[in-house]
Amino acid sequence: MDESSIINTYRRFSGAYDRIFGRIFEQGRKEVVGRMSCRNGDRILEVGIGTGLALNYYPFFTQVYGIDISPHMLAVARRHIEQAGLKNISLSLMDAQKICFPDNFFDKISAMYVATVVPDPQVMMDEIKRVSKPGGDIFILNHFSNSHLVPGLIETMLTPLQKYLGFRPRFSKDRFIADNALDIVESMPVNLLGYWTLIHAKNSKP
Ligand SMILES: C[S@@+](CC[C@H](N)C(=O)[O-])C[C@H]1O[C@@H](n2cnc3c(N)ncnc32)[C@H](O)[C@@H]1O
């Protein structure tokens, strides 16, 4: 998974993304924004915002910043914002591994279906923790490796194709949590058959 293959994959997907991944991932997106318990003036960062399918769920009294590395996905997100007349959202073309915001800037940060796509999820998490306020809320929504025999085997078989699929089929949740020293508030299965996991963590930096 490198930057140019990600940009190419999402250039190809951008036109059909909402039809393919809109409904199937919808419950997870709603759960994330619902669990944010947004307060007036909250500054929220959505990392890997894609076509902006969660944007309608954020209350108007929040300030939402969306970043993505794909100009084609952001172009679709811009259309959604215009059509819905959303005034509290701003979008930037930006690498999640090099976030151009100051330290301790955001109250809440989400990365939905992104951790298995970025080249280095740990670098992304270091950046998320840096721009999050101490005690800020971090929401990671993703597919993690399945421990059941058949889905686990299918994921292993798909691994050599990850560059073409645009995501890593095998991704250990325990390792992700340990590597990033996440202070977990809750972790819950979401979407079809609970195949995806929503992790809510607090940024425990001093
Ligand atoms: C599976 S899509 C998820 C989009 C959206 N979050 C959703 O809920 O549908 C993954 C997104 O992550 C973006 N992405 C991948 N690597 C990235 C990076 N290094 N920095 C920022 N965005 C990235 C892709 O361009 C794509 O829009």
Side-chain angles (χ1 to χ4, degrees), residues 1-36 44-58 64-81 84 86 89-101 106 108-132 138-144 155 158 161-169 171 176 180 190-192 195-200:
M1 308 285 289
D2 55 59
E3 195 176 304
S4 63
S5 65
I6 293 165
I7 291 171
N8 272 332
T9 300
Y10 284 95
R11 176 178 48 76
R12 286 198 305 271
F13 271 140
S14 59
Y17 187 87
D18 292 3
R19 278 195 303 282
I20 303 172
F21 299 108
R23 189 73 65 82
I24 193 165
F25 287 168
E26 191 177 358
Q27 186 219 343
R29 296 186 190 99
K30 271 190 190 158
E31 294 281 357
V32 166
V33 182
R35 277 174 162 64
M36 285 185 175
I44 300 170
L45 175 65
E46 196 183 316
V47 175
I49 192 166
T51 61
L53 287 167
L55 290 177
N56 279 313
Y57 305 136
Y58 294 103
V64 180
Y65 298 76
I67 64 168
D68 203 285
I69 205 168
S70 163
H72 299 90
M73 296 290 271
L74 284 178
V76 180
R78 282 206 179 85
R79 282 206 296 278
H80 281 167
I81 290 171
L86 302 172
I89 319 278
S90 57
L91 300 178
S92 306
L93 185 64
M94 201 184 291
D95 187 348
Q97 300 168 123
K98 207 172 170 194
I99 299 178
C100 304
F101 285 106
F106 292 102
K108 283 143 190 168
I109 303 183
S110 68
M112 304 190 232
Y113 315 110
V114 181
T116 36
V117 180
V118 288
D120 191 333
Q122 207 168 331
V123 175
M124 175 186 84
M125 290 306 296
D126 287 345
E127 279 293 85
I128 285 178
K129 288 193 274 185
R130 179 183 66 76
V131 298
S132 155
I138 297 173
F139 297 86
I140 304 297
L141 170 56
N142 224 90
H143 150 70
F144 291 94
E155 288 168 2
L158 288 174
L161 301 175
Q162 60 189 23
K163 199 170 162 178
Y164 306 100
L165 296 170
F167 69 97
R168 259 176 238 96
F171 189 55
F176 177 75
N180 296 294
V190 289
N191 296 338
L192 188 68
Y195 193 65
W196 287 261
T197 303
L198 189 170
I199 297 173
H200 175 194

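Counting convention: from 1, in listed order, for ligands and their atoms alike.
Some N or O of I69 is nearer than 3.5 Å to an N or O of ligand 1, by distance alone. Between P119 and ligand 1, no pair of N/O atoms sits closer than 3.5 Å. An N or O contact shorter than 3.5 Å links D68 to ligand 1 by distance. Taking only nitrogen or oxygen atoms, main chain and side chain alike, Y113 does not reach within less than 3.5 Å of ligand 1.
Between H143 and Y195, the distance from one ring center to the other falls under 6.0 angstrom.
For ligand 1 and S70, the ligand atoms under 4.0 Å from any heavy atom of the residue are 25 (O). Near M94, the atoms of ligand 1 lying under 4.0 angstrom from a non-hydrogen atom of the residue are 20 (N), 21 (C). Within the listing of ligand 1, atoms 4 (C), 27 (O) sit less than 4.0 angstrom from a heavy atom of G50. Here is the list of ligand 1 atoms found below 4.0 Å of a heavy atom in V117: 15 (C). Ligand-side atoms of ligand 1 in range of I49: 5 (C), range being under 4.0 angstrom from any heavy atom. Taking every heavy atom of D95 and a limit of under 4.0 angstrom, the matching atoms of ligand 1 come to 18 (C), 19 (N), 20 (N). Applying the 4.0 Å criterion to heavy atoms of G48 picks out, from ligand 1, the atoms 4 (C), 5 (C), 6 (N), 11 (C), 12 (O), 22 (N).
Ligand 1 has no atom lying under 4.0 Å from any heavy atom of M124.
Checked options T51, D18, N56; the residue passing with H80 is D18 (criterion: side-chain hydrogen bond (donor to acceptor under 3.5 Å, both in side chains)).
The nearest protein atom to atom 2 (S) of ligand 1, hydrogens excluded, is given as Y17 OH, 3.4 Å; this is a heavy-atom distance.
Remark: Y17 engages F21 in a ring-ring contact (aromatic ring centres under 6.0 Å, His included) (not counting sequence neighbours). Every residue two or more places apart in sequence or in another chain that forms a side-chain contact (heavy atoms from CB on, under 4.5 Å) with E31 is listed here: Q27, R35, M188, V190, L198.
Of the charged side-chain nitrogens involved, at least one lies within less than 4.0 Å of a carboxylate oxygen, so that R130 and E127 count as a salt-bridged pair.
Residues M112 and L53 have side chains not in contact (no heavy-atom distance under 4.5 Å, counting atoms from C-beta outward).
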